Amino acid sequence: TPMASLTKIMTTIVAIENCPDLNKKVVYSKSMRSDIDFDASLSGLIENQEYTVRDLLYATMLPSGADATNALAFAVSGSIQDFVDLMNKKAISLGMTNTHYVNTHGLDRDNHYSSVNDLFTLLKYALNNNIFRTVFTSNEYTLSNGLVVSGPTGKFNSGLNQYNGSILGVKTGYTKKAGYSAATLFTNKGHEYILVTTEGRDVINHKGPNQ
């Protein structure tokens with residue numbers, strides 16, 4: 001199953017685990033967009049500006065920025081391919097036997113796939129990391145250059161005013177090949193639940209691919 005932007009869950013946890021200094025800085029460059037489609041979701045990083053790894057974690061997860069995922073890869077591993085190798089090694093270590101990554105962002109590519117069970121395993125694991133949980137459950141964040149990035153969690157909660165519970169965090173995704181997907185952490189009656197959905201085909205409004 002194509003996983004669209006749910007890829008970025010792995011991108012984020014791998015970056016956190018392989019970069020002990022979240023204040024490490026990287027300069028965003030044009031080369032970091034080399035494999036990003038023209039209509040992909042971006043966070044608004046500016047060429048030749050400096051960002052911290054912490055900035056890039058939020059820019060990856062909240063506005064689902066493909067630009068930020070590749071910047072993370074360069075910051076942590078020095079190249080996209082080396083970082084993707086780390087993603088695949090992590091998948092193997094977690095027993096995600098139906099998952100393979102070829103990029104950091106989840107845009108449709110051959111041999112880039114996962115399953116609902118594997119994505120559930122991944123999110124459950126990642127939420128045990130306090131840094132990941134903080135990023136995943138944030139509504140918005142101000143990057144060190146003043147850019148404010150925001151995610152969909154607040155919108156989801158406001159749209160579910162009849163729902164007896166609360167969404168703590170959600171990562172959504174969309175590409176033509178993958179359809180709509182979401183990985184959600186929510187509470188109901190004092191208990192936390194994880195819900196992962198993929199291959200949604202309902203006609204709903206969306207900003208564009210890979211949100």
Side-chain angles (χ1 to χ4, degrees), residues 1-19 22 41 43 53-66 68-69 72 87 90-91 93-96 98-99 101 104-106 113-143 148-175 178-200 202 204 206-207 210-211:
T1 302
M3 59 184 131
S5 279
L6 301 196
T7 299
K8 292 164 185 164
I9 297 171
M10 180 64 90
T11 306
T12 300
I13 189 64
V14 166
I16 291 168
E17 292 184 345
N18 288 277
C19 187
L22 298 187
S41 174
S43 63
V53 168
R54 181 179 284 103
D55 287 338
L56 298 174
L57 295 175
Y58 283 94
T60 290
M61 288 299 290
L62 299 188
S64 202
T69 68
L72 270 179
M87 294 169 68
K90 191 66 185 181
S93 74
L94 292 176
M96 297 168 61
N98 294 306
T99 297
Y101 299 97
T104 64
H105 40 64
Y113 58 86
S114 190
S115 68
V116 170
N117 285 340
D118 280 2
L119 291 166
F120 175 87
T121 296
L122 172 61
L123 182 56
K124 183 179 179 182
Y125 168 82
L127 286 167
N128 287 318
N129 181 289
N130 288 333
I131 297 168
F132 179 91
R133 178 179 277 262
T134 298
V135 175
F136 188 78
T137 58
S138 295
N139 284 322
E140 66 175 33
Y141 185 79
T142 304
L143 308 187
V148 178
V149 293
S150 59
T153 303
K155 294 176 184 177
F156 271 65
N157 275 313
S158 63
L160 294 174
N161 53 5
Q162 302 298 319
Y163 172 67
N164 184 26
S166 177
I167 294 176
L168 300 179
V170 59
K171 182 74 201 75
T172 59
Y174 173 82
T175 64
Y180 297 95
S181 58
T184 308
L185 174 68
F186 67 95
T187 60
N188 192 1
K189 297 180 181 178
H191 297 281
E192 286 192 352
Y193 299 88
I194 293 171
L195 175 65
V196 177
T197 59
T198 61
E199 297 187 283
D202 291 339
I204 60 174
H206 62 89
K207 293 181 181 177
N210 219 33
Q211 291 294 311

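In this text the structure is predicted, and so the values were computed from the model without any measurement.
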Can you find a heavy atom in the side chain of [X] that is under 4.5 Å from one in the side chain of [Y]?
X	Y	value
N117	N98	no
M96	L122	yes
P2	Y113	no
D55	V53	no
L185	V170	no

(request) Using the six-membered ring wherever Trp is involved, compare the ring planes of F132 and F136 and label them parallel, tilted or perpendicular (cut-offs 30° and 60°). (result) parallel
(request) Name the orientation class of the two ring planes belonging to Y141 and Y58 (parallel below 30°, tilted from 30 to 60°, perpendicular beyond 60°). (result) parallel
Grab the two heavy atoms, one from [X] and one from [Y], that are nearest each other, plus how far apart they are.
X	Y	value
L123	A183	CD2-CB, 3.8 Å
V14	M87	CG2-CA, 4.1 Å
G106	T7	CA-OG1, 3.2 Å

(request) For the residue pair K171 and S181, confirm or rule out a side-chain donor-acceptor distance under 3.5 Å. (result) no
(message) For the residue pair Y101 / K90, report whether a side-chain donor-acceptor contact shorter than 3.5 Å exists.
(response) no
(request) Identify which one of T11, T12, T69 satisfies the side-chain contact (heavy atoms from CB on, under 4.5 Å) criterion when paired with M61. (result) T12
Side-chain donor/acceptor of [X] to backbone N/O of [Y], under 3.5 Å:
X	Y	answer
T187	G190	no
T198	Y180	no
K8	S64	yes

Once rounded to the nearest 0.5 Å, what's the spacing between atom [atom1] of [X] and atom [atom2] of [Y]?
X	Y	atom1	atom2	result
S43	L143	OG	CG	7.0 Å
M3	T175	CE	OG1	10.5 Å
L6	T1	CG	OG1	11.0 Å
R54	L72	CZ	CG	12.5 Å

(request) Could you check T121 against K124 for side-chain hydrogen bond (donor to acceptor under 3.5 Å, both in side chains), going step by step and ending with a plain yes or no? (result) CA-CA 5 Å; T121 296; K124 183 179 179 182; over 6 Å; no
(request) Please name all residues satisfying side chain to side chain donor-acceptor pair (under 3.5 Å) with T99, sequence neighbours left out, ordered by chain then number. (result) S114, D118
(request) Kindly determine whether L119 and I9 satisfy side chain to side chain contact (heavy atoms under 4.5 Å, CB included), including the steps that lead there. (result) CA-CA 9 Å; L119 291 166; I9 297 171; 5.5 Å; no
(request) Could you give me the CA-CA distance, side-chain angles and deciding distance for F186 and L168, then say whether side chain to side chain contact (heavy atoms under 4.5 Å, CB included) is met? (result) CA-CA 5 Å; F186 67 95; L168 300 179; 5.8 Å; no
(request) Please assess L22 against I131 for the test side chain to side chain contact (heavy atoms under 4.5 Å, CB included), listing each intermediate value before the final yes or no. (result) CA-CA 10 Å; L22 298 187; I131 297 168; 3.9 Å; yes
